[in-house]
Amino acid sequence: AMSARYDVVIRNGWIVDGTRFPRYRADIGIRDGVIAKIGTIAPADAARVLDAEGLIVAPGFVDLHTHYDAQIHWDPYCSNSGENGVTTVIAGNCGFAFAPCKEADRDRYMLMMENTEQVPYQHMKTMLPWTWETFPQWLAHLRALKKGVNMMMLMPINPLLCYVMGTDAAKSRRPTADEMAEMKRLIHEAMDAGAAGLGVSLLGNDNSHTDYDGSSMPSDVMHRDDIVELASVLGERDEGFIQVLAQLGNHRETDVIERIAEVSRRPVLLNIFVTTDLMPDFHRPHLEWLSAVNARGLRIYGQTFAQRGFSEFNVLEFNINDHIPEWRQISRLHDKAEKKRLIADPAHRARMRASYDPMVLSFGSGPLEVITVSSVGDAPELQKYVNRSLGEIAAEEGKHVIDVLFDISLATDLAADFRTPSPVGTDPHRTAELLLHPQTLAGTSDGGAHMRFFSGGHWPTELLIWLVRETGVISLEEMHYRLSYQPARIAGLGGRGALLEGMAADIVVYDFDALWMKTEKYDLRFDFPGGDWRRYTPTEGYRWILCNGAVTHENGHPTGVTPGSFLGLRPLTGWAA
């Protein structure tokens with residue numbers, strides 16, 4: 001018998017191709033992982049037919065901001081991104097990762113990753129084989145891993161500084177001329193081996209992502225001239241992009257961003273752009289600045305956090321307020337008994353009450369007054385607090401909110417859960433204003449990080465439900481451009497991000513009206529190494545997700561195939577597998 005002309009045909013769907021082109025009905029024929037034909041295709045020409053009648057067919061989503069560097073070792077689909085239509089993840093963000101690394105520093109790197117991104121040390125200790133030292137060896141290791149999504153990797157600046165200078169030196173002095181030359185050589189080497197660019201955080205001492213001992217991470221305190229010099233390597237090469245976390249709360253370092261963009265002449269992704277309900281105009285000057293720098297020819301893009309995320313936390317695992325010294329003192333204690341002692345200490349409580357400022361907290365947990373009690377374990381006398389805000393309880397009992405939070409925590413042996421309201425704005429019109437700026441990007445999942453109090457891989461699902469279906473403030477065509485083609489172009493993902501003939505068959509097929517996500521509370525899933533738990537956002541509505549032409553998820557469930565590739569930078573025209 002003659003073999004079928006196409007491996008898979010998606011029939012009768014509404015194609016939203018990612019380029020902002022109006023939706024249309026057609027069939028898509030896939031051969032060897034690539035879209036071979038869009039048009040009318042006879043079912044007989046297909047080895048497998050997916051009937052997409054009444055469904056939306058769109059390009060797989062590109063998630064520029066993830067921390068799946070560890071999780072990819074035990075979860076090829078990078079949950080909860082993979083089941084929400086994400087077919088390409090970029091890791092190595094914010095300057096945290098596992099290479100280059102000397103053998104003696106492996107534990108130190110894992111402790112850094114545990115404290116900055118809340119990836120449990122035990123998972124890394126169990127699952128990372130540590131068969132690499134250099135960045136090219138790390139990339140070779142990633143290429144060999146079975147993947148259900150495509151992956152790109154940025155070279156992180158913290159490991160680079162630690163590798164060349166040593167961790168303590170990297171935090172206390174500037175590199176010598178020889179050390180600087182060596183770091184630049186290593187960036188060239190990493191880019192030659194397939195790195196997508198550089199990832200770094202530049203937040204001084206204001207970063208809630210701190211080192212294991214409570215001190216700031218090396219890149220946060222590095223001299224700004226040195227990061228500009230490292231970024232110049234990408235200018236020499238004329239390739240790659242740079243992700244920079246330099247805007248959080250009231251901390252903004254726009255001058256260094258402009259200098260990085262000037263010297264590299266490459267796309268610079270600046271985190272993080274948000275709206276906030278507390279300050280309706282907060283985002284507007286940031287957008288005006290973005291317009292102004294791009295008018296000068298600098299390629300700077302604002303990475304948004306636009307989904308209405310929330311944290312659900314217990315005090316034992318919590319360190320999102322580490323930009324505040326008194327909170328950092330609690331989170332840097334890694335022994336539960338010591339932590340309880342400090343939380344109970346009247347002198348420490350007094351310092352926390354004295355320094356309490358809801359506005360400073362608004363860029364971490366949010367003001368304590370509006371945080372609600374989510375669960376109190378099995379303490380019957382505390383059940384009356386569930387679903388009530390700390391502010392209400394404080395008013396009723398004549399206590400400070402700090403005392404309410406810590407008294408309930410201590411009474412439950414630190415097991416009580418608290419839920420924050422969305423730290424980002426909940427007004428769809430302001431969110432649309434943010435997302436429709438020509439130089440902003442949709443995002444951010446932070447996938448693979450913070451799994452004890454956050455779950456964000458569902459962000460494309462939430463943006464489609466909230467901003468397209470429920471409020472109509474953004475069109476479906478525009479949203480799919482923001483979810484796929486725009487980020488793919490900025491990341492140098494040639495041949496991906498749109499449904500066009502000759503492009504890779506990374507495709508989501510979903511029922512627009514049936515998209516659903518759980519909003520009131522996270523589920524707990526016990527699917528991490530050793531049966532460990534994480535918080536999880538359940539969603540529904542995706543019929544099929546394809547990566548490189550193979551179906552990786554059907555009706556929300558992984559199929560077991562792992563067609564994902566490690567992706568290097570590619571020219572934007574043409575596609576060669």
Side-chain angles (χ1 to χ4, degrees), residues 65-67 80-81 94 114-120 206-210 245 248-249 271-272 274-278 304-324 327-328 330-331 339 343 356 358-377 385-391 401-402 404-406 408-409 412 414-426 443-459 462 466 517-525 528 533-539:
H65 196 105
T66 84
H67 296 277
N80 66 336
S81 294
C94 300
E114 176 169 69
N115 217 55
T116 53
E117 298 297 342
Q118 287 85 51
V119 181
D206 293 332
N207 199 346
S208 61
H209 295 70
T210 57
L245 174 61
L248 191 69
N271 298 84
I272 192 159
V274 296
T275 65
T276 161
D277 293 344
L278 297 169
T304 66
F305 187 108
Q307 83 267 27
R308 300 158 296 181
F310 62 93
S311 296
E312 201 169 3
F313 68 93
N314 60 53
V315 171
L316 188 62
E317 306 281 353
F318 196 61
N319 67 356
I320 203 169
N321 288 337
D322 271 15
H323 55 301
I324 302 165
W327 286 83
R328 192 182 293 196
I330 295 171
S331 68
K339 202 170 270 214
I343 289 168
Y356 179 74
M359 284 318 273
V360 176
L361 256 72
S362 66
F363 300 105
S365 63
L368 296 187
E369 286 80 357
V370 290
I371 287 175
T372 52
V373 180
S374 188
S375 71
V376 289
Y385 293 139
V386 173
N387 294 331
R388 297 187 59 203
S389 74
L390 300 181
V401 276
I402 289 275
V404 175
L405 173 70
F406 290 137
I408 293 174
S409 294
T412 57
L414 307 192
D417 273 336
F418 303 90
R419 179 190 158 135
T420 69
S422 174
V424 302
T426 58
T444 298
S445 76
D446 241 358
H450 314 303
M451 69 275 292
R452 300 287 206 214
F453 57 78
F454 178 71
S455 164
H458 66 283
W459 63 272
E462 174 156 11
W466 177 38
M517 60 173 281
K518 183 173 176 179
T519 54
E520 59 280 4
K521 184 167 176 45
Y522 290 128
D523 280 6
L524 290 189
R525 291 238 165 143
F528 267 32
W533 66 279
R534 61 175 171 141
R535 303 203 191 257
Y536 183 87
T537 305
T539 56

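Note that this is a predicted model, so its numbers are computed, not measured.
Once rounded to the nearest 0.5 Å, the distance linking CG of Asp277 with OG1 of Thr426 reads 3.5 Å. In this structure, CG in Asn271 is found 5.5 Å from OG1 in Thr444, a value given to the nearest 0.5 Å. To the nearest 0.5 Å, the span separating CZ on Arg328 from NE2 on His323 amounts to 10.0 Å. With rounding to the nearest 0.5 angstrom, the CG atom of Asn321 is 4.5 Å from the CG atom of Leu361.
Judged purely by atom type and a 3.5 angstrom limit, Arg419 uses its side chain to pair as donor or acceptor with the backbone of Glu520. Remark: the backbone N or O of Gly457 is paired with a side-chain donor or acceptor of Asn80 at under 3.5 angstrom. Counting only distance, with no hydrogens or angles, the side chain of Asp417 and the backbone of Ser374 share no donor-acceptor pair below 3.5 Å. Side chain of Thr420 to backbone of Ser311: a donor-acceptor contact under 3.5 angstrom is found. Not a single donor-acceptor pair under 3.5 Å links the side chain of Tyr356 to the backbone N or O of Val401.
The side-chain heavy atoms of Gln307 and Ser422, taken from C-beta on, include no pair separated by under 4.5 Å. Here the side chains of Ile371 and Leu405 are not in contact, with every heavy-atom distance at 4.5 Å or above. Inter-residue side-chain proximity for Leu414 and Ser409 is flagged as met; some heavy-atom pair is nearer than 4.5 Å. Considering only heavy atoms from C-beta on, Val119 stays 4.5 Å or farther from His67 through its side chain.
Of all the heavy atoms in Met451 and Pro120, the pair that sits closest is SD-CD, 3.5 Å. For Asp322 against Ser331, the heavy-atom pair with the smallest separation is OD1-OG, 2.6 Å. Arg308 and Glu462 make their closest contact through NE-OE2, 2.7 Å (heavy atoms, listed as atom of the first residue, atom of the second, distance). Residue Tyr536 comes nearest to Pro538 through the heavy atom pair O-CD, 3.4 Å, listed as atom of the first residue, atom of the second, then distance. Contact between Val315 and Ile343 at its shortest, heavy atoms only, is CG1-CD1, 3.4 Å. In plain terms, the two heavy atoms of Phe305 and Val424 that are nearest each other are CD2-CG1, 3.6 Å.
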Run Thr210 and Asn115 through side-chain hydrogen bond (donor to acceptor under 3.5 Å, both in side chains) and show every step you take. CA-CA 6 Å; Thr210 57; Asn115 217 55; 3.3 Å; yes
Could you walk me through whether Val376 and Thr412 pass the side chain to side chain contact (heavy atoms under 4.5 Å, CB included) test, one step at a time? CA-CA 6 Å; Val376 289; Thr412 57; 4.2 Å; yes
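Under the salt bridge (Lys or Arg N to Asp or Glu O under 4.0 Å) criterion, Glu317 pairs with Arg452, not counting sequence neighbours. Considering only residues two or more places apart in sequence or on other chains, Phe313 meets the ring-ring contact (aromatic ring centres under 6.0 Å, His included) condition with Phe318, Phe418. Scanning for ring-ring contact (aromatic ring centres under 6.0 Å, His included) contacts around His458 gives an empty result, with sequence neighbours left out.
None of Thr537, Asp446, Asp523 except one satisfies the side chain to side chain donor-acceptor pair (under 3.5 Å) rule with Ser455; the exception is Thr537.
Between Phe453 and Tyr522, the distance from one ring center to the other does not fall under 6.0 angstrom.
Phe528 does not carry Arg534 over the face of its six-membered ring by the limits of under 6.0 Å from the centre and within 45° of the normal.
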